[in-house]
Amino acid sequence: MEYNFREVEKKWQKYWKENQTFKTDSDQSRPKFYVLDMFPYPSGSGLHVGHPLGYIASDIYARYKRLKGFNVLHPMGYDAFGLPAEQYAIQTGQAPAITTEQNIARYREQLDTIGLSFDWSREVRTSDPDYYKWTQWIFLKLFGSWYNNQSKRAEAIETLTAEFSKNGNQMLDACTTQEIKFTASQWNAFSENEKSEILLNYRLAFISEATVNWCPALGTVLANEEVKEGLSERGGHPVERKLMKQWSLRITAYADRLLNDLDGIDWPESLKEQQRNWIGKSEGAQLKFKLQNSDLAIEVFTTRPDTIFGATFMTLAPEHELVSKITSNDQKAAVEKYIEEVKKRSERERMTEVKRITGVFTGAFAVHPFTAKPIPVWIGDYVLAGYGTGAVMSVPAHDERDHAFARHFSLPIVEVIQGSEERNIQEQSYDAKDGKCINSDFLNGLKVKDAMRRIIDEISSRGLGQGKVNFRLRDAIFGRQRYWGEPIPIYYKDAIPHAMPESELPLILPEVDKYLPTEDGEPPLARAKDWKYKGVYEYETTTMPGWAGSSWYFLRYMDAGNKDAFASKDALNYWQDVDLYIGGAEHATGHLLYVRFWTKFLFDLRLIPVNEPARKLINQGMIQGRSNFVYRIKDSNQFVSFNLKDKYETIALHVDVNIVENDVLDLNAFKNWRAEYADAGFILEDKVTKAETTGDSGIYICGAEVEKMSKSKWNVVSPDAMIEKYGADCLRLYEMFLGPLELSKPWNTNGISGTSNFIRKLWKLYHSPVNGNKDFVWSVSEEQPLKTELKVLHKTIRKITEDIERYSFNTSVSNFMICVNELTDLKCNKRSILEPLAILVAAYAPHIAEELWEKLGHNKSISTAPFPEFNEEYLVEDQFAYPISINGKTKFNLEISLALNKEEIEKEVLSAEEVQKFLAGQSPKKVIIVPGRIVNIVI
RNA sequence: GCCCGGGUGGUGGAACUGGUAGACACGCAGGACUUAAAAUCCUGUGGUCAUUGCGACCGUGCGGGUUCGAUUCCCGCCCCGGGUACCA
């Protein structure tokens, strides 16, 4: 029998399920290894061929680690809350819980056919009350905590109130939005409601009035990373700025740690860089500029305090609170008009019209803190309200944006940093932090770096301000005006938010009649009937964002069924963190930042033993679609083959890639594809000459292009179709063989016959042909292996081990092919070689490996076998074919004993006939010998 | 604009810390088997020239450099992919 993958794969998938082969051992005496895939959102369209790429890689690694004797945790679950299910619910009225359930069932079915070794007993779903109970629980912990900048960790809110009643907030160094200072006696005199209001400014989960990204089409606010170029990431709807009361998480408290700890984790450099940029740490100074004839002052943040003598004007964000207070009477009309205009411009316009310079003079003047000269105060929309203090000291000579603004409004430009080259500062700003100070009083002659230190000292000693670090990172908006998410376990008493007691969790997501906002614009949860805490107090009606459940799920897998805790101490201490995390790079500034934040928070509360969620992370590349085209001759139903299309006037049409193989169109399938093509005519080309043909040998070649994989482009390939045709083992091998895991590549099946052949050849190694190659019978001998056979085996053991350890899955598939080719050439059918080989391939092609293993006489799954030991002995050579180079160019090879030393090698090489020919009587200038590698003769 | 990746045959890709460039696979060409086709197996396959025989020269985006030797290291440029966007 030829290898029947359909039967064999089904058999072993059933076996694994029935025997719970991949259920994680509770034995903690063995070393642990935690392999995790990024949480999938179960979308309605199921998996396409790109999704399994990472799953296959992580599965290989997990299976490999099991063979190596590790206790492996390799779980899977679903990030089941989210917008698409809810959008679908709005359109169809179907409850999101039901569609989500269906989608999950479909996902599971697909995942099973790939032969992935997940421990399904630990499956989690974020929409399951048993799960979101703990998401809510962590939220309450965030609500009940504040960030102490002194101890650099989150602490329970009780330590804060204790401090307040002792010292007020005078000495406190906390991460806060509280602006007013109070004493202990003031604090103690506050009413309960006043105290609650103040505490909200310290809590890590807090409610505040904030400018948010409001998406009217989705009817919800969005976090910064959910907005791309002024449009919502999901659906591409316009987003506007809106001031709203919002739940937020104080992630900014962790900015410094999130930044610094990146150095300690093995994540892709580009991903870490993205996080660094997103956090956006900048060092500089914060200082006050007094206003002329006023008690008021404008506070600015600058990264270039060294250029302060070049500050010729100031610019405020249009939203800045001082604007209305400082505007002079004669400028009042102009300022108001300008602010009106700015408000009308949408966020998208503002972003796309970056180059448009707008602004207006307030009529007010500030006093330069060092020269005492008056400088005008302007308003400009290039200054962002949300960053720094919302105001800048404008140094047009050394800041491109200030320069553009100054030129547009004819404001003075004064050079204060002299670079190495001559330049006209009126033409272009000089932004580099390189050069010497000029026109800068006591800074003159100092280098930028030294000037920076000097001026910050001066600013502090004169009481103008101090050195300051600023972050671009904003607090994370946490509430969503949507139905399909975790309810926030908060109720309101006198409009003050109160935490539900932990013991009463979970707060179950209530049923609603419609998934739409109420007539008054309240979120859908406001529709829930009689949904009140203790039947009296209104619950919070916003829900948590999609990333809430995924910010801690890696911990739940460690102890998924636990009713008493999110995971037991015991499990947390054993499993610690994720050893290998595989997923897409698109989560760089979303999920991967939040999961790090929550991990640090839980660590601070001593709830978990680790500070970072994942030691090693790999971004798998995207699999793009490869679209095929047919060329219809204009105004006809005639289709012309690719190489002949230029002779006609044609229209290119997407054709379903599933009826095209190696760019050759299946004509009958095409006719059946759509009714309109049933009587299509074809102009075919000759296979070889690319000329027109009339005979049967003609074929229709399609055009091809790489595009995003999408239904509308007819280039979606589902793994199901591939598995049906070639089998799961073949798909697994092929997806790995395609290239390095991290690389993005278009899906094309042109090479899949290679891996399919490999599986057949592997099978044949263990079998002998009978009936003239028609059938195969099991044929493994007990003979002693030859040296050459052992050499092939051990070379492969070493290669495969090295490849897996460095996540080079594509080269290990190549090495399997080499191994099988060589053993086939040697006609090797010995158990002592083929048994270890089966274990080696078991991680990659588990179904065929199990089948061979069973036939070899084993009655336990191959996943319990030990990975073959590598033995150097079999690879020891006594000869090496040295490449002999003349002047660095390889000319020929020469067999030389490896036992020889340099001098002996040189003697042997120089006496060789071929070398003599090149030397032609001369003696070489130099001979370089690297034993065991190369000989180079310089003439 | 800025910040990361990356440019190797017809194609996907390989080459450990500077040491035989193109492993492995696809495709293509030729051959065997077959009435024929498919499947399978064998041989060849970077380019140019020479093919009567040895072979010779060029070649890892382009131009320089370091080195006995560079796909690998350094400098300058070009192109492609991803991220980001007035963050003071």
Side-chain angles (χ1 to χ4, degrees), chain A residues 2 228-229 268-274 276-278 280-282 284 300-304 307 315 350-357 380-384 386-395 398-402 404-405 431 470-474 585-586 588-589 619 621-622 624 662-663 687-688 733-734 737-740 742-746 748-755 757-758 760 764 769 772-773 799 802 806 808 810-818 821 881-893 924-930 932-939:
Chain A
E2 278 259 10
K228 297 267 138 91
E229 285 167 20
E269 203 43 53
S270 66
L271 195 153
K272 292 207 258 186
E273 200 57 32
Q274 271 185 63
R276 286 189 192 110
N277 291 338
W278 192 260
K281 182 176 184 171
S282 50
V300 299
F301 171 72
T302 176
T303 54
R304 295 297 301 275
T307 64
T315 315
R350 216 174 138 167
M351 287 175 108
T352 48
E353 297 172 17
V354 164
K355 296 236 161 66
R356 205 175 106 190
I357 296 159
D381 75 346
Y382 80 98
V383 178
L384 303 175
Y387 184 78
T389 61
V392 300
M393 62 171 214
S394 300
V395 184
H398 305 289
D399 184 285
E400 203 187 326
R401 297 153 303 180
D402 295 340
F405 195 84
D431 295 20
N470 241 317
F471 292 95
R472 201 184 81 113
L473 185 70
R474 307 284 79 183
E586 67 272 21
T589 52
N619 288 131
M622 271 216 310
Q624 295 139 315
N662 283 355
D663 289 341
K687 208 175 164 189
V688 189
L733 288 169
Y734 186 61
F737 187 62
L738 228 39
E742 304 86 340
L743 236 68
S744 283
K745 53 230 150 189
N748 85 60
T749 50
N750 288 353
I752 200 163
S753 57
T755 44
N757 283 341
F758 163 76
R760 269 202 294 271
K764 284 180 186 167
N773 282 338
K799 284 275 192 191
E802 281 171 4
R806 64 191 171 103
S808 176
N810 55 328
T811 52
S812 27
V813 177
S814 299
N815 281 313
F816 282 131
M817 289 173 171
I818 294 168
N821 289 346
Y882 278 88
I884 310 298
S885 306
I886 309 289
N887 292 335
K889 295 205 171 194
T890 311
K891 295 295 178 185
F892 58 95
N893 285 4
K925 272 193 201 140
K926 200 172 178 183
V927 180
I928 290 116
I929 293 164
V930 185
R933 276 198 186 268
I934 198 169
V935 175
N936 188 15
I937 300 163
V938 186
I939 299 175

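Order of the sequence lines fixes the chain letters, A, B, ..., with proteins taken first and strands second; residue numbering starts at 1 for each chain.
- A:Met622 has its CE atom 14 Å from the C1' atom of B:rG5, to the nearest Å.
- Minimum atom distance to the side chain of A:Asp399 is reached by B:rA88, of the listed B:rC3, B:rA23, B:rA88.
- Rounded to the nearest Å, the gap between the P atom of B:rC26 and that of B:rU43 is 14 Å.
- Between B:rA23 and A:Asn810, no contact under 4.0 Å exists linking OP1 or OP2 to a side-chain N or O.
- Residue A:Ser394 forms a side chain to side chain contact (heavy atoms under 4.5 Å, CB included) with just one option from A:Val383, A:Asp402, A:Thr302, A:Asp399, and that option is A:Asp402.
- Using a 4.5 Å cut-off on side-chain heavy atoms (C-beta onward), A:Arg760 and A:Asn757 make contact.
- The separation between A:Phe758 atom CZ and B:rC41 atom P is 14 Å, rounded to whole Å.
- Taking atom P on both B:rA25 and B:rG19, the two are 25 Å apart, rounded to the nearest angstrom.
- One finds no side-chain N or O of A:Lys745 lying less than 4.0 angstrom from the OP1 or OP2 phosphate oxygen of B:rG12.
- Using a 4.0 Å heavy-atom criterion, one finds that A:Pro740 contacts the sugar-phosphate atoms exclusively.
- A salt bridge links A:Arg276 with A:Glu273: at least one charged nitrogen is closer than 4.0 Å to a carboxylate oxygen.
- One finds a side-chain N or O of A:Ser282 lying less than 4.0 angstrom from the OP1 or OP2 phosphate oxygen of B:rA88.
- One can place CG of A:Asn757 at 11 Å from C1' of B:rC41, the figure rounded to the nearest angstrom.
- The side chain of A:Lys891 approaches B:rC57 more closely than any other nucleotide in the set B:rC57, B:rA39, B:rA85.
- Checking side-chain atoms of A:Tyr882 against main-chain N and O of A:Arg933 turns up no donor-acceptor pair under 3.5 Å.
- As rounded to the nearest Å, B:rC3 and B:rC75 have P atoms that lie 14 Å from one another.
- In this structure, the side chains of A:Thr811 and A:Lys799 stay at 4.5 Å or more apart for every pair of heavy atoms.
- Here the separation of B:rU67 from B:rG82, taken at their C1' atoms, is 35 Å to the nearest Å.
- Atom NZ of A:Lys281 and atom CG of A:Leu473 lie 12.5 Å apart (nearest 0.5 Å).
- As a whole-Å value, the separation of A:Asn277 CG from B:rC4 P is 9 Å.
- Rounded to whole Å, the separation between the P atoms of B:rC73 and B:rC16 comes to 11 Å.
- Residue A:Thr755 holds its OG1 atom at 7.5 Å from CZ of A:Phe737, rounded to the nearest 0.5 Å.
- A distance-only check finds no donor-acceptor pair linking the side chain of A:Lys926 to the backbone of A:Asn936 [under 3.5 Å].
- A:Arg474 comes within 4.0 angstrom of no nucleic acid atom, judged by non-hydrogen atoms across all strands.
- Across the P atoms, B:rA21 and B:rU72 are found 14 Å apart, a figure rounded to whole Å.
- The shortest distance between the side-chain N/O atoms of A:Asn821 and the OP1/OP2 oxygens of B:rA25 is below 4.0 Å.
- Atom NZ in A:Lys272 sits about 13 Å away from atom C1' in B:rC4, given to the nearest Å.
- Residue A:Phe758 holds its CZ atom at 6.0 Å from CG of A:Leu733, rounded to the nearest 0.5 Å.
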Which nucleotides of nucleotides 15-20 of chain B have their base under 4.0 Å from a protein heavy atom (B), which only their sugar-phosphate (S), and which neither (-), written as one string 5' to 3'? SBB-BB
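- Across all strands shown, A:Ser753 has heavy atoms under 4.0 Å from sugar-phosphate atoms exclusively, and none from any base.
- Nucleotides B:rG46 and B:rU66 are separated by 33 Å at their P atoms, to the nearest Å.
- Atom CD1 of A:Ile937 is separated from atom C1' of B:rU67 by 18 Å (rounded to the nearest Å).
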Taking only N/O atoms, report every protein-nucleotides 42-50 of chain B pair under 3.5 Å with atom names and distance.
none

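- In terms of modelled atom types and a separation under 3.5 Å, the side chain of A:Asp431 and the main chain of A:Glu400 share a donor-acceptor contact.
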Reading RNA chain B 5' to 3', how would its secondary structure be written in dot-bracket notation, given Watson-Crick and G-U pairs with both distances under 3.5 Å, brackets [ ] for crossing pairs and | for partners on other strands? (((((((..(((......[....)))((((((.......))))))((((.....))))..(((((..]....))))))))))))....
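- In this structure, of B:rC24, B:rG13, B:rA88, it is B:rA88 that holds the atom nearest to the side chain of A:Phe301.
- Look at B:rG83: its glycosidic torsion is beyond 90° from 0, and that puts it in the anti range.
- Going from atom CG of A:Asn815 over to atom P of B:rA25 covers 11 Å, rounded to whole Å.
- Between B:rG61 and B:rG7, the distance separating the two C1' atoms is 6 Å to the nearest Å.
- When each of B:rC26, B:rA88, B:rC3 is scored by its nearest atom to the side-chain atoms of A:Thr303, the top-ranked nucleotide is B:rA88.
- For B:rA88, neither phosphate oxygen OP1 nor OP2 lies less than 4.0 angstrom from any side-chain nitrogen or oxygen of A:Tyr382.
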